[in-house]
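Encoded as structure tokens, the structure appears first; notes follow it.
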Amino acid sequence: MAGSDAERLNRATGSGHFTVAGRASAMAEADVIPSGFRPEINTLWRAATVEHKFSDSGFLTTVEVGSA
């Protein structure tokens with residue numbers, strides 16, 4: 001039983017980042033639910049940091065996420 005609990009917890013942890021067209025409403029500590037990815041990625045994440053940038057590419061938002 002302990003082994004299966006450890007495997008479940010390992011699957012429930014992780015981190016990553018998303019860069020999207022600018023979203024001024026994005027903020028740190030908000031819940032993030034991505035879509036269009038594998039099922040294990042299309043789950044609830046917590047925004048750890050949010051960075052908004054204006055550049056030659058336009059307005060971009062990068063969200064660093066961790067497990068919620």
Side-chain angles (χ1 to χ4, degrees):
M1 184 67 134
S4 63
D5 284 345
E7 288 175 21
R8 180 183 55 79
L9 289 172
N10 281 338
R11 284 192 306 270
T13 61
S15 62
H17 70 276
F18 303 94
T19 300
V20 296
R23 293 201 54 162
S25 62
M27 61 183 153
E29 299 300 317
D31 290 339
V32 176
I33 302 175
S35 63
F37 299 95
R38 296 185 318 253
E40 56 271 17
I41 294 174
N42 293 339
T43 61
L44 180 65
W45 297 86
R46 180 66 46 114
T49 63
V50 175
E51 181 179 15
H52 303 284
K53 286 185 179 180
F54 290 96
S55 71
D56 294 339
S57 301
F59 177 38
L60 299 174
T61 299
T62 300
V63 181
E64 295 283 337
V65 295
S67 301

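What you see is a predicted model, and the numbers here were worked out from it, not measured in a lab. This chain uses plain numbering: 1 for the first residue, then up along the sequence.
- Rounding to the nearest 0.5 Å gives a distance of 10.0 Å between OG1 of T49 and CD of E29.
- Contacts of H52 classified as ring pair (Phe, Tyr, Trp, His ring centres under 6.0 Å), with partners at least two apart in sequence or in another chain: F59.
- With sequence neighbours excluded, the residues forming a side chain to side chain donor-acceptor pair (under 3.5 Å) with T19 are T62, listed by chain and number.
- Rounded to the nearest 0.5 angstrom, R38 CZ and T43 OG1 are separated by 11.0 Å.
- In this structure, P34 and I41 approach most closely via the heavy-atom pair CG-O, 3.3 Å.
- At a threshold of 4.5 Å between side-chain heavy atoms, the hydrophobic network of Ile, Leu, Val, Met, Phe, Trp and Tyr places V63 and L44 in two separate groups.
- Using a 4.5 Å cut-off on side-chain heavy atoms (C-beta onward), V65 and R46 make no contact.
- Across all their heavy atoms, A48 and A28 have their closest contact at O-CB, 3.6 Å.
- Partners of F37 by ring pair (Phe, Tyr, Trp, His ring centres under 6.0 Å), not counting sequence neighbours, listed by chain and number: F18.
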